[in-house]
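Read through the structure below, which is laid out as structure tokens, and then see the notes.
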Amino acid sequence: MTLDVEPRVDDRRSVLLSGNEAVARGAVEAGALIAVGYPGTPSTEILESIAARADMDVRWSTNEKVALDVALGASLGGVRVLTTMKHVGLNVAADTFMTMAYTGVGAGLVIVVADDPGMHSSQNEQDTRAYARMARVPLLEPSDSAEAKTFTALAFDISEEFDTPVIVRTTTRVSHNRGVVELGPRTEKPVVGFDRDPQKYVMIPGHARTRRPVLLERLDRLSKYVEGSPLSSESGTGSEFGVVTSGIAHHYVREVLPDARVLKLGMSYPLPIERVRDFARSVDRLFVVEELDPWVENDLLAAGIDVEGKPLFPQIGELSPDAVRKGFSEAGILPKQISIEPAPSTVARPPLLCPGCPHTPPFLALKRLGAVVTGDIGCYTLAALQPLSAMDTCIAMGSSIGMAVGMAASGGADGPVVATVGDSTFLHGGIPGLADAVYSQANITVLILDNGTTAMTGGQEHPGTGTTLQGSEVTPVDLVGLCESLGVRDIRVIDPYDMGATFSAIEGAIAHVGPSVVITNRPCVEAPTKVRDTPYQVVADACTACQACMTAGCPSIVWSEETYEGRRKVVIDPVTCTGCTLCAQLCPPLAIIPVRVGEESDHD
Amino acid sequence: MTDGTRGLLLAGVGGQGVILAGMIVADALVRAGYDVKQSEVHGMAQRGGSVFSHIRWGSDVESPLVEKGSAEVLAAFEWAESIRWVEYVRDGGAVVADIRTIVPPGSCTDRRAWSTNYPAFNADLFSDRRLKTRLIDASSTATELGNTRAANSVILGSVAAFLDIDDVHWEAAISKLVPKGTQDVNLAAFRAGRSVPMAQIPAPSPDPEGFSGPHEIDIRHDWCKGCDICSRVCPEYCLAVSVDGELTITNAQACTGCRLCEMLCPDFAIAIRPPGAQAIVPEAAVIGGLTR
């Protein structure tokens, strides 16, 4: 979705922005000149919302580590720079991140990390606040769009004042929540220029040893800063109990306890320990309400402040007003909850590969071939679900190939070992794995599902697409040439809409001894361009209800009311059918034919 | 709950435009002078999954999420989704439900009962919960106005009938956020939605007669050369050819009797028979459904 940060409500400076748009706006107002990241839900729209700006260089990097490297380089060059990623992206960037805490920065450098409690679109729900503690890097937690803007802008100032990268941690409910934001002017920040300082920026052991004390001394200064900072705020009345909270949890607490004494932490690392201690003295009971892990709770307990937190407020999944109400009810602060009449049962509706998705046919072939499939992160991970059920592992970006190498080496696979990886994911983290497969002469097949976009996050550009976020045309990475140069001797490029060719190419690649690569070449049907061809229809009289088409799991094909020998016939939704022809190729009685021009399907 | 803060929930299926509709509602509420928070989930859920948008408004909104049992209105863009989210509506609140049905392919998998378990239309489901109920056929209304895709504006019009927001704000928000060139039809759809008639509830269609059990797969091994055609075509993955070229039944319970294997076998080496029926291959060769 393309979003803009221009006022949505005419003639007003207060506009409705998502948390992501507000973060971007904060960077704009702070005078950032460069913004760089890798797409990942729920962070993706931050960069997209400012891609149209002519006064900023906004770009996707190959992966989060490269993005953070680019950001650090830009910061040392003397420009304020924003970098964005999802929580697991910081794992990829962690190598740079841990040491840049030692070097410090040039101009302000802010890392926005979007956590995904509840795993709406992620493989884990790690808590980025742990990284702040490990690296001793300050972390701000905005609770809504208005704070997302002001905290991001303030983070640039903190970064420069304390010579440190600063994390702004959002969560799904902050990133994807729209709220009212007051717009401010953009600050002009000229390029400061690079100050050569090898002692500070060349982290050989002798230099790094001198930076380690700087890191701890900086943390002391930050701890003093946060004690008096307006980032923390108190509200409410009463001495019976108090609540320390941060991020979105603050609003849930306010929702269920509108008048309670609350100390809201804007910076949740380092903590304003003395301020919390004073607050604790003023109340009989102190609660900590925080989403995910008990980091604030543990820090306060370590400082000798008696608090109640987990498990009253769960550390698994997202918090919600309901969950916070339940916790305070169990603690005896709120009355017992009245039970809500549960919803009647309805059908499950898991996410699916789209109608016409070019990923479907290769997975249908892998299922038939009984392959052990090491999967990866992308839309195609949905092939693990019924009815395709054609993926056996999915761990992290690019893991498919290394895992296939190991699986093949184990000798324990009961079928051919195939790694499946998308184009963006392959470039992000798959290339070293393929080099390893060649190096170890692993008997595996790597299926690169090249749909020409980063599809799962909504269709972003990457080095293989030949276009950039801001619309420039560039030389795309040549995947075939890349695989050849890595030393792969069996490379096949296939049209995945040709089921027969797909099947035999994958079967042939599997038969090849040593590493082989199969690359599919159909674009994603949704982005960057919607692909829509003549839809297909089922000739009901010819349908034998064999269910062959249903093996593809296409959302456009469902059971009809008609039956054949007691089995349900099928019908195609002509509105959502993209005309990929896969079902027609699968249909033994040839009952699936194109809808002729000017003719509505009479079988729907 | 914060005093005076109200909530609304939009729900539908990925691709139906729930998120844009949520943005329109939020924009209209801001125009009407409210503090507004609107929350949704993007990403994987968009791929044909259940999609929702929470909207809360008032003088000073805290939580962006609607608590269960507190929404003024639930607007469901699809029938099964109206049922999934109804527990969020407060006592005496309203449900606007489109009678459009989107059967998930994942529920077309029961090869015994052949039932999708898709919930039947039932207006009592909501009135029994003391909810004001409006079942509408937004697509038909929008089609009559000339653009089926304006159905979401019909739904918003129907929602507007339950909220005290001036039409000026609704119409400004719609004009601003719908695709260019579709403003007029969307505004007309919104106005029609305010007084859209209750939809005629289609009669429930009975599930087909279930079948009696898995069919028997008789293999005449001395005729089979292990060519693999049958195992590659079986929609239920019942058959496999071993490395020695021997055809085996790997999932006997799953056979639905479609006979693709039987019809496509070049050597007439497979026969499918309904449960209890007499074996077609010579009796002596049959061992528990398999032949040897």
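Letters go in sequence order (proteins before strands), and every chain restarts at 1. Just so we're clear, the structure is a prediction, and the values are computed from it rather than from any experiment.
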Which heavy atom of Pro119(B) sits nearest a heavy atom of Ser345(A), and at what distance? CB-O, 4.5 Å
Please evaluate residues Arg568(A) and Thr116(B) with respect to the criterion side chain to side chain contact (heavy atoms under 4.5 Å, CB included), reporting the C-alpha separation (whole Å), side-chain torsions for both, the decisive distance (0.1 Å), and the verdict. CA-CA 10 Å; Arg568(A) 288 257 211 173; Thr116(B) 60; 4.1 Å; yes
Tell me, for Pro344(A) versus chain B, whether the close heavy atoms (under 4.5 Å) come from the side chain, the backbone, both or neither. both
Would you mind checking which part of Cys554(A) comes under 4.5 Å of any heavy atom in chain B, side chain (CB onward), backbone (N, CA, C, O), both or neither? backbone
Just wondering, are more than 12 heavy atoms of other shown residues or ligands nearer than 6.0 Å to NZ in Lys68(B)? no
For the CG atom on Asp414(A), are there more than 12 heavy atoms of other groups (residues, nucleotides or ligands in this structure) within a distance under 6.0 Å? no
Does this structure show an ion pair linking Arg130(B) with Glu341(A), if we count only N-O contacts that are shorter than 4.0 Å? no
I'd like to verify something: which residue of Gly553(A), Pro342(A), Pro387(A) has the highest number of heavy-atom pairs under 4.5 Å with chain B? Pro342(A)
Given a strict heavy-atom distance threshold of 4.5 Å, which part of Leu353(A) is in contact with chain B: side chain, backbone, both, or neither? neither
Kindly say whether Ser231(B) contributes a backbone atom to a donor-acceptor pair with the side chain of Arg368(A) at under 3.5 angstrom? yes
Engaged part of Asp116(A) at the chain B interface, taking heavy atoms whose separation is under 4.5 Å: neither
Check whether any side-chain N or O of Arg349(A) sits under 3.5 Å from a backbone N or O of Ile102(B) as a donor-acceptor pair, and report yes or no. yes
Are any side-chain N or O atoms of Gln547(A) and backbone N or O atoms of Pro235(B), one a donor and one an acceptor, separated by less than 3.5 Å? no
Let me confirm one number: the OG-CG distance from Ser70(B) to Asp322(A), rounded to the nearest 0.5 Å. 8.0 Å
Working to the nearest 0.5 angstrom, can you tell me the gap between Trp559(A) CH2 and Ser107(B) OG? 8.0 Å
Heavy-atom pair count under 4.5 Å with chain B, highest-scoring of Glu507(A), Met550(A), Glu526(A): Glu507(A)
Measure Ser145(A) against the heavy atoms of chain B and call it side chain, backbone, both or neither at under 4.5 Å. neither
Applying a strict 4.5 Å limit to non-hydrogen atoms, the region of Ile83(B) in contact with chain A is both
Below 4.5 Å, heavy-atom pairs only: which of Pro104(B), Pro105(B), Ala80(B), Cys108(B) has the largest tally toward chain A? Cys108(B)
Thr148(B) versus chain A, the contacting section by heavy-atom distance below 4.5 Å: neither
Portion of Leu369(A) that has a non-hydrogen atom of chain B nearer than 4.5 angstrom: side chain
Any donor-acceptor pair under 3.5 Å from Arg259(B) side chain to Cys546(A) backbone: no
Using only heavy-atom distances, determine whether the side chains of Ser39(B) and Arg173(A) contain a donor-acceptor pair under 3.5 Å. yes
Below 4.5 Å, heavy-atom pairs only: which of Ile248(A), Val180(A), Thr346(A), Thr576(A) has the largest tally toward chain B? Thr346(A)
Would you say the side chain of Arg567(A) lies within less than 4.5 Å of the side chain of Arg111(B), judging by non-hydrogen atoms? no
Counting heavy atoms not belonging to Arg149(B), are there more than 12 under 6.0 Å from its CZ? no
Pro64(B) side chain near Tyr252(A) side chain, heavy-atom distance below 4.5 Å: yes
Residue selection (most heavy-atom pairs with chain B, distance under 4.5 Å) from Cys354(A), Pro350(A), Ser143(A), Gly40(A): Pro350(A)
Look up atom CG in Asp144(A) and atom CD in Glu62(B), then write down how far apart they are to the nearest 0.5 Å. 8.5 Å
Under a 4.5 Å heavy-atom cutoff, which of Pro321(A), Gly179(A), Gly19(A) has the most pairs with chain B? Pro321(A)
Just verifying a value: how many Å separate Leu29(B) CG and Leu16(A) CG, rounded to the nearest 0.5 Å? 9.5 Å
For atom OH of Tyr118(B), is the number of surrounding heavy atoms from other residues, nucleotides or ligands below 6.0 Å larger than 12? yes
Nearest-0.5 Å distance that lies between atom CG in Leu65(B) and atom NE2 in His251(A): 11.5 Å
Chain B contact via Phe503(A) - side chain, backbone, both or neither, heavy atoms under 4.5 Å: side chain
Quick one: which of Glu236(B), Arg84(B), Arg129(B) has the most heavy-atom pairs under 4.5 Å with chain A, could you say? Arg129(B)
Could you tell me which portion of Leu125(B) (side chain, backbone, both or neither) has an atom closer than 4.5 angstrom to a non-hydrogen atom of chain A? side chain
May I ask you to check whether over 12 heavy atoms, not counting those of Lys367(A), lie within 6.0 Å of atom NZ? yes
